[in-house]
Amino acid sequence: MEEETHTDAKIRAENGTGSSPRGPGCSLRHFACEQNLLSRPDGSASFLQGDTSVLAGVYGPAEVKVSKEIFNKATLEVILRPKIGLPGVAEKSRERLIRNTCEAVVLGTLHPRTSITVVLQVVSDAGSLLACCLNAACMALVDAGVPMRALFCGVACALDSDGTLVLDPTSKQEKLQQCLAAAQAASQHVFRFYRESLQRRYSKS
């Protein structure tokens, strides 16, 4: 189902329309994709989800540095560039997740001792950035003709204040989720304080 949805989106985007999936249990924002935008990479794609947009370029399979060479498969690297400034901890974490996903599907053993590099440029971030990056990477890999055992896609979800599941959350909805996660983490410190206080109290009696 995911593969069919994204293939359909790609075809519609190439015709200048895009897609806005609606149905039972599906409330994703409008998304669109355009491939083969850039001349220098071997494959490229622009992926749009709502107001979140990512541009991806794939280089390779190509020659790899000896220090990074793997004798039985291709070396896969992912570079995520923020809209402004230099990559930070958040970008490095996303790079790792995207690389792990790509490595799981790319048939790197068909191109040993080569490199495949996926470069992702954030154009705009209005929520669900990681999902948009994954989708842009997949479409760029397809455009580059990199052999894969399957397509992949990313879908973000969050819980709102009522406990309702929200698919493809906006930045505002993601901040709510971050607040909930922070509150849950902080509560563990409070519980630890409870335990330590009670232990001190009853150890004296």
Side-chain angles (χ1 to χ4, degrees), residues 1-11 13-14 31-49 52-157 168 174:
M1 178 61 72
E2 293 171 350
E3 181 173 333
E4 293 174 357
T5 299
H6 285 271
T7 301
D8 183 57
K10 175 188 68 175
I11 294 171
E14 289 174 347
F31 63 81
C33 176
E34 186 176 353
Q35 293 177 299
N36 197 26
L37 294 168
L38 307 175
S39 58
R40 293 186 63 184
D42 296 292
S44 60
S46 173
F47 205 93
L48 179 73
Q49 289 184 218
T52 299
S53 178
V54 175
L55 182 62
V58 172
Y59 299 82
E63 187 177 351
V64 64
K65 293 181 179 179
V66 176
S67 60
K68 295 183 179 181
E69 183 180 275
I70 303 176
F71 79 94
N72 62 346
K73 67 176 183 178
T75 300
L76 198 150
E77 292 185 279
V78 173
I79 300 171
L80 176 58
R81 296 171 177 164
K83 182 179 179 180
I84 301 173
L86 299 173
V89 175
E91 285 76 24
K92 295 301 179 184
S93 176
R94 291 188 178 110
E95 283 179 354
R96 184 174 62 256
L97 290 169
I98 297 166
R99 185 181 67 250
N100 291 343
T101 301
C102 292
E103 285 180 337
V105 298
V106 169
L107 297 172
T109 55
L110 297 180
H111 298 281
R113 293 190 169 97
T114 64
S115 73
I116 298 173
T117 304
V118 181
V119 180
L120 299 158
Q121 174 64 58
V122 177
V123 179
S124 61
D125 180 10
S128 301
L129 178 60
L130 177 59
C132 192
C133 286
L134 285 166
N135 297 334
C138 184
M139 290 295 98
L141 286 166
V142 170
D143 188 52
V146 174
M148 297 188 289
R149 57 174 51 91
L151 297 182
F152 61 89
C153 74
V155 176
C157 64
D168 195 20
E174 283 186 328

Trainee: Keeping the roles fixed (side chain from Ser124, backbone from Ser53), state whether a donor-acceptor pair exists under 3.5 Å.
Mentor: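 Yes; at least one donor-acceptor contact below 3.5 Å.
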
Trainee: What is the distance from atom OG1 of Thr114 to atom CD of Glu69, rounded to the nearest 0.5 Å?
Mentor: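 Thr114 atom OG1 to Glu69 atom CD measures 9.0 Å (nearest 0.5 Å).
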
Trainee: At their closest point, which heavy atom of Ala56 faces which heavy atom of Leu120, and how far apart are they?
Mentor: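 Answer, listing the atom of Ala56 first, then Leu120: CB-CD2, 3.4 Å.
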
Trainee: Evaluate the side chain to side chain contact (heavy atoms under 4.5 Å, CB included) criterion for residues Leu151 and Val142: first the C-alpha distance (whole Å), next the side-chain angles of each, then the deciding distance (0.1 Å), finally the verdict.
Mentor: CA-CA 8 Å; Leu151 297 182; Val142 170; 3.5 Å; yes

Trainee: Keeping the roles fixed (side chain from Thr52, backbone from Ala126), state whether a donor-acceptor pair exists under 3.5 Å.
Mentor: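 Yes, Thr52 side chain to Ala126 backbone: donor-acceptor pair under 3.5 Å.
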
Trainee: Looking only at non-hydrogen atoms, find the nearest pair between Gln49 and Gly154 and report the distance.
Mentor: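 Smallest heavy-atom distance, with atoms named: OE1-O, 4.5 Å.
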
Trainee: Hey, does the side chain of Thr101 reach the backbone of Leu97 with a donor-acceptor pair shorter than 3.5 angstrom?
Mentor: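 Flag set: sc Thr101 to bb Leu97 pair under 3.5 Å.
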
Trainee: Looking only at atom types and distance, does a side-chain atom of Glu77 sit under 3.5 Å from a main-chain N or O of Ser115, one as donor and one as acceptor?
Mentor: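 Between the backbone of Ser115 and the side chain of Glu77 there is no qualifying donor-acceptor contact (under 3.5 Å).
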
Trainee: Could you report the tightest heavy-atom contact between Ala104 and Arg149, atom names first, then the distance?
Mentor: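 Taking every non-hydrogen atom into account, O-NH1, 2.8 Å.
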
Trainee: Test: salt bridge (Lys or Arg N to Asp or Glu O under 4.0 Å). Region: residues 129-140. Which pairs qualify, not counting sequence neighbours?
Mentor: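 Qualifying pairs: none.
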
Trainee: For the pair Asn135 (side chain) and Ala131 (backbone), establish whether a donor and an acceptor sit closer than 3.5 Å, ignoring hydrogens and angles.
Mentor: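 Yes, the answer is positive, given that a donor and an acceptor are paired below the 3.5 Å cut-off.
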
Trainee: Using every non-hydrogen atom in the two residues, find where Leu55 and Ser46 come nearest and quote the distance to one decimal.
Mentor: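 What the structure gives for the nearest pair is CD1-CB, 4.0 Å.
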
Trainee: First locate atom OG1 of Thr109, then atom CD1 of Ile70, and finally report the distance between them rounded to the nearest 0.5 Å.
Mentor: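 Reported value, rounded in 0.5 Å steps: 11.5 Å.
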
Trainee: Rounded to the nearest 0.5 Å, how far does CD1 of Ile79 lie from CD of Glu91?
Mentor: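 Between Glu91 CD and Ile79 CD1, I get 13.0 Å after rounding to 0.5 Å.
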
Trainee: Mind checking whether Leu129 and Arg94 have side chains closer than 4.5 Å, heavy atoms only?
Mentor: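 The answer is yes, as the side chains (C-beta and beyond) meet within the 4.5 Å cut-off.
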
Trainee: Do Leu134 and Ile98 make a side-chain contact, defined as non-hydrogen atoms from C-beta onward lying under 4.5 Å apart?
Mentor: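 They are in side-chain contact.
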
Trainee: Do you know the tightest heavy-atom contact between Lys68 and Thr75?
Mentor: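 That would be O-OG1, 2.6 Å.
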
Trainee: Give a yes or no answer on whether the side chain of Asp42 reaches the backbone of Ala144 with a donor-acceptor pair at less than 3.5 Å.
Mentor: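 No, because the side chain of Asp42 does not come within donor-acceptor range (under 3.5 Å) of the backbone of Ala144.
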
Trainee: Distance check, rounded to the nearest 0.5 Å: Gln121 atom CD versus Lys83 atom NZ?
Mentor: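 Reported value, rounded in 0.5 Å steps: 10.0 Å.
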
Trainee: Would you say the side-chain atoms of Glu34 pair up with the backbone N or O of Ala45, donor to acceptor, closer than 3.5 Å?
Mentor: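 No, because the side chain of Glu34 does not come within donor-acceptor range (under 3.5 Å) of the backbone of Ala45.
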
Trainee: Considering only residues two or more places apart or on different chains, which pairs with a residue in residues 103-112 satisfy salt bridge (Lys or Arg N to Asp or Glu O under 4.0 Å)?
Mentor: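 Of all non-adjacent pairs touching residues 103-112, none passes salt bridge (Lys or Arg N to Asp or Glu O under 4.0 Å).
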
Trainee: With heavy-atom distances below 4.5 Å as the criterion, would you say the side chains of Pro41 and Val58 are in contact?
Mentor: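 No - every pair of side-chain heavy atoms lies 4.5 Å or more apart.
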
Trainee: Answer yes or no: does atom CZ of Arg99 have more than 12 heavy-atom neighbours from other residues, nucleotides or ligands under 6.0 Å?
Mentor: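 Atom CZ in Arg99 is crowded, with more than 12 foreign heavy atoms closer than 6.0 Å.
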
Trainee: If we only count heavy atoms from C-beta on, is the Pro82 to Pro87 side-chain gap below 4.5 Å?
Mentor: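 A side-chain contact exists here, since the closest heavy-atom pair is under 4.5 Å.
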
Trainee: Does the side chain of Leu141 come within less than 4.5 Å of Val105's, by heavy atoms?
Mentor: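 Heavy-atom side-chain distance check fails, nothing below 4.5 Å.
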
Trainee: Do you know the tightest heavy-atom contact between Cys138 and Phe152?
Mentor: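 In this case the closest contact between Cys138 and Phe152 is SG-O, 3.2 Å.
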
Trainee: Rounded to the nearest 0.5 Å, what separation is found between the SG atom of Cys153 and the CZ atom of Phe31?
Mentor: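 CZ of Phe31 is found 9.0 Å from SG of Cys153.
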
Trainee: Out of curiosity, Ile116 CD1 to Leu107 CG, how far, rounded to the nearest 0.5 Å?
Mentor: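 Separation between the atoms: 9.5 Å.
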
